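FYI, side chains are in, hydrogens and waters are out, and symmetry mates aren't considered; it's all heavy atoms of this structure. Just so it is clear: chains get the letters A, B, ... in the order the sequence lines come, proteins before strands, and each one is counted from 1. Being a predicted model, the structure only gives us computed values, none of them experimental.
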Amino acid sequence: AQSVTQPDIHITVSEGASLELRCNYSYGATPYLFWYVQSPGQGLQLLLKYFSGDTLVQGIKGFEAEFKRSQSSFNLRKPSVHWSDAAEYFCAVGARGFQKLVFGTGTRLLVSP
Amino acid sequence: DVKVTQSSRYLVKRTGEKVFLECVQDMDHENMFWYRQDPGLGLRLIYFSYDVKMKEKGDIPEGYSVSREKKERFSLILESASTNQTSMYLCASSATDGLTYEQYFGPGTRLTVT
């Protein structure tokens with residue numbers, strides 16, 4: 001069975017600084033990996049996804065993530081954070097042939113002026 | 001754009017009431033999901049449906065049931081609401097095309113049981 005760990009519950013970043021949110025997964029085969037963002041009071045919106053191919057994937061809002069099989073990680077990055085990026089971020093893992101996704105517990109990003 | 005709508009954004013119910021949460025998607029997706037979101041616990045799958053009248057239990061089905069009579073609609077039912085079911089409920093849908101597995105989410109229903 002798949003599992004996802006997001007080790008950071010909260011992260012505070014200054015506006016304009018770079019961001020990296022960590023995600024580690026557990027799955028025996030090649031996983032499908034997702035990052036979602038949830039703004040306050042909203043549902044989840046897909047930022048980016050990895051299925052195969054290039055291990056560096058680009059998403060919306062200037063985010064990117066890198067799949068590292070050797071580290072079982074799929075960390076989310078952004079070079080310069082904007083105040084509007086303050087939200088909760090969820091990593092999720094899926095598998096070929098299975099429609100269900102397993103979500104991490106989320107990381108809440110706070111952006112300081 | 002894919003649209004997933006949920007019948008209520010906020011709902012307040014009393015202990016013991018029967019509660020219906022409705023979800024509708026407009027993209028002809030085969031799969032629909034109900035999640036519960038609690039602080040520190042992330043999203044936990046309650047039930048999943050992969051076709052009309054088909055359902056599968058998720059990780060926390062106790063105290064819940066579901067109904068899917070039409071492809072676009074997936075209902076979550078709390079037969080007798082309890083205070084420990086106070087939570088945010090999220091509905092999602094996805095296509096069975098073997099290509100994406102991406103789930104599209106509704107805005108959520110924040111349920112308070114008093």
S.K.: As an exercise, state the distance from CG of A:Leu48 to CD of B:Glu102, rounded to the nearest 0.5 Å.
M.R.: 10.5 Å

S.K.: Looking at B:Arg110, I'd like to know if its CZ atom is crowded, meaning that more than 12 non-hydrogen atoms belonging to other residues, nucleotides or ligands lie closer than 6.0 Å.
M.R.: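 No - once you tally the heavy atoms of other residues, nucleotides and ligands closer than 6.0 Å, there are 12 at most.
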
S.K.: Testing the 3.5 Å rule here: is there a donor-acceptor pair between the side chains of A:Gln38 and B:Gln37?
M.R.: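 Judged by distance alone, the side chains do pair up.
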
S.K.: Could you tell me which of A:Val102, A:Ile9, A:Leu46, A:Val4 has the largest number of non-hydrogen atom pairs under 4.5 Å with chain B?
M.R.: A:Leu46

S.K.: Taking B:Tyr64 as the starting point, is it possible to reach B:Leu43 by hopping between hydrophobic residues whose side chains are less than 4.5 Å apart?
M.R.: no

S.K.: Side chain, backbone, both or neither: which part of A:Ala92 has a non-hydrogen atom closer than 4.5 Å to chain B?
M.R.: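 Nothing of A:Ala92, per the 4.5 Å heavy-atom cut-off to chain B.
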
S.K.: Between A:Trp35 and A:Phe63, is there a shared hydrophobic cluster once you connect ILVMFWY residues whose side-chain heavy atoms come closer than 4.5 Å?
M.R.: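 Per the 4.5 Å side-chain linkage, A:Trp35 and A:Phe63 are co-clustered.
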
S.K.: Checking B:Glu56 against chain A: side chain, backbone, both or neither under 4.5 Å from a heavy atom?
M.R.: side chain

S.K.: Which distance, rounded to the nearest 0.5 Å, do you find between the OH of B:Tyr35 and the CZ of A:Phe103?
M.R.: 4.5 Å

S.K.: With the 4.5 Å side-chain cut-off for hydrophobic clustering, are B:Phe48 and B:Met32 part of the same group?
M.R.: no

S.K.: So if you build clusters from Ile, Leu, Val, Met, Phe, Trp, Tyr with side-chain heavy-atom gaps below 4.5 Å, do B:Tyr89 and B:Ile60 land together?
M.R.: yes

S.K.: Can you tell me which of A:Gly94, A:Gly104, A:Gly41, A:Gly106 forms the most heavy-atom pairs within a distance under 4.5 Å of chain B?
M.R.: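 Among A:Gly94, A:Gly104, A:Gly41, A:Gly106, the one with the most close pairs to chain B is A:Gly41.
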
S.K.: Please determine whether residues A:Leu47 and A:Phe67 belong to a single hydrophobic cluster, defined as Ile, Leu, Val, Met, Phe, Trp and Tyr linked transitively by side-chain heavy-atom distances below 4.5 Å.
M.R.: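 A:Leu47 clusters together with A:Phe67.
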
S.K.: Could you grab the distance from atom CZ of B:Arg9 to atom CD of A:Gln42, nearest 0.5 Å is fine?
M.R.: 5.5 Å

S.K.: I need the minimum non-hydrogen distance between B:Ala95 and A:Gln99, along with the two atoms involved.
M.R.: O-OE1, 3.5 Å

S.K.: Below 4.5 Å from any heavy atom of chain B, which atoms of A:Glu88 appear? Answer side chain, backbone, both or neither.
M.R.: side chain

